[in-house]
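One-based numbering along the sequence shown.
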Amino acid sequence: MAREGLSFEIRNALQKAKKTKASVSKESILINNGKKIISLEVIPLLNSADLHFLILFKDAALASTITGNSEDPENVAGEKQHENLRIKKLEKDLVNLREDMRSITEDQEAANEELQSANEELLSGSEELQSLNEELETGKEESQSTN
């Protein structure tokens with residue numbers, strides 16, 4: 001169970017850490033409706049019998065809230081700067097999400113290929129068993145006719 005906005009990031013970081021067996025960091029994650037920015041680090045614990053992970057959450061910074069008179073030139077400049085920073089962060093997030101989606105899609109395709117291969121092996125084994133069953137039936141009929 002994770003806060004809103006964290007579950008996707010945690011899941012992706014865990015997947016990457018599991019795949020690479022190395023620490024994975026995610027920066028500038030917005031939580032609490034964008035009021036707080038955190039970063040997280042997923043560290044695989046390789047010295048244990050089973051694979052476990054340590055997840056560290058770090059308070060990166062508090063998102064600035066702009067208050068006061070919107071006519072004030074300083075507030076207008078601050079709003080534009082805040083908006084530009086937010087746009088840059090969203091663009092960076094979009095690039096990261098696309099990369100994560102590509103990685104997940106590749107993993108899914110590999111898993112599907114493995115399943116198809118296993119399915120073909122099962123079908124082949126089933127056909128062999130069917131053939132053996134028919135041979136046993138023939139042998140049984142021959143045995144009965146001999147008796």
Side-chain angles (χ1 to χ4, degrees), residues 1-140:
M1 189 163 224
R3 287 183 184 261
E4 182 180 337
L6 278 179
S7 60
F8 182 76
E9 298 291 345
I10 292 172
R11 185 175 24 251
N12 286 339
L14 280 169
Q15 183 181 14
K16 285 182 183 178
K18 186 176 184 180
K19 190 175 186 179
T20 62
K21 292 194 175 20
S23 296
V24 175
S25 296
K26 294 277 186 173
E27 305 285 329
S28 303
I29 301 169
L30 295 174
I31 60 171
N32 294 341
N33 295 324
K35 294 178 184 172
K36 194 171 192 176
I37 301 172
I38 66 160
S39 59
L40 65 89
E41 183 176 5
V42 176
I43 303 168
L45 303 175
L46 301 173
N47 294 336
S48 59
D50 294 328
L51 186 59
H52 297 283
F53 299 92
L54 173 65
I55 302 175
L56 299 175
F57 297 92
K58 299 173 188 167
D59 191 13
L62 295 177
S64 62
T65 57
I66 300 172
T67 58
N69 186 357
S70 61
E71 301 292 323
D72 186 4
E74 288 181 15
N75 281 343
V76 171
E79 285 179 11
K80 288 201 183 271
Q81 183 181 10
H82 180 71
E83 181 104 4
N84 288 339
L85 289 174
R86 188 167 189 273
I87 289 170
K88 286 180 183 179
K89 185 201 177 315
L90 289 173
E91 287 173 346
K92 181 181 173 188
D93 286 348
L94 182 60
V95 168
N96 289 337
L97 288 174
R98 284 184 177 153
E99 177 62 27
D100 291 342
M101 188 172 65
R102 185 193 59 76
S103 173
I104 290 169
T105 302
E106 287 175 358
D107 291 345
Q108 188 68 37
E109 287 173 356
N112 284 343
E113 288 175 7
E114 289 176 15
L115 286 173
Q116 285 178 343
S117 174
N119 190 33
E120 289 172 5
E121 288 179 26
L122 287 172
L123 287 174
S124 175
S126 177
E127 290 171 359
E128 288 179 27
L129 288 173
Q130 185 68 28
S131 174
L132 285 172
N133 191 30
E134 290 172 2
E135 288 179 22
L136 287 172
E137 287 291 327
T138 304
K140 177 183 169 187

Point-to-point distance, once rounded to the nearest 0.5 Å, from [atom1] of [X] to [atom2] of [Y]:
{"X": "S126", "Y": "N119", "atom1": "OG", "atom2": "CG", "result": "10.5 Å"}
{"X": "E27", "Y": "I38", "atom1": "CD", "atom2": "CD1", "result": "10.5 Å"}
{"X": "E99", "Y": "M101", "atom1": "CD", "atom2": "CE", "result": "10.0 Å"}
{"X": "I31", "Y": "I37", "atom1": "CD1", "atom2": "CD1", "result": "10.0 Å"}
{"X": "F53", "Y": "I10", "atom1": "CZ", "atom2": "CD1", "result": "13.0 Å"}
{"X": "R98", "Y": "T105", "atom1": "CZ", "atom2": "OG1", "result": "13.0 Å"}

Residue pair K19, S103: steps toward the side-chain contact (heavy atoms from CB on, under 4.5 Å) verdict: CA-CA 11 Å; K19 190 175 186 179; S103 173; 4.1 Å; yes
[X] vs [Y] side-chain heavy atoms within contact, under 4.5 Å:
{"X": "L56", "Y": "V42", "value": "no"}
{"X": "K16", "Y": "D100", "value": "yes"}
{"X": "S23", "Y": "E41", "value": "yes"}

Can you check side-chain contact (heavy atoms from CB on, under 4.5 Å) on N112 and Q108, steps first, answer last? CA-CA 6 Å; N112 284 343; Q108 188 68 37; 3.6 Å; yes
List the steps and the verdict of salt bridge (charged side-chain N to carboxylate O under 4.0 Å, His left out) for D93 and R86. CA-CA 10 Å; D93 286 348; R86 188 167 189 273; over 6 Å; no
Which atoms form the tightest heavy-atom contact between L51 and P44, and what is the distance? CD1-CB, 4.3 Å
Write down the atom of L40, the atom of A13, and the distance for their closest heavy-atom approach.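 Minimum heavy-atom separation between L40 and A13: CD1-CB, 4.0 Å.
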Just by distance, no angles: are the side chains of D107 and Q15 close enough, under 3.5 Å, to form a donor-acceptor pair? yes
Quick one: which residue pairs count as a salt bridge (Lys or Arg N to Asp or Glu O under 4.0 Å) with a foot in residues 110-120, not counting sequence neighbours?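 For residues 110-120: none.
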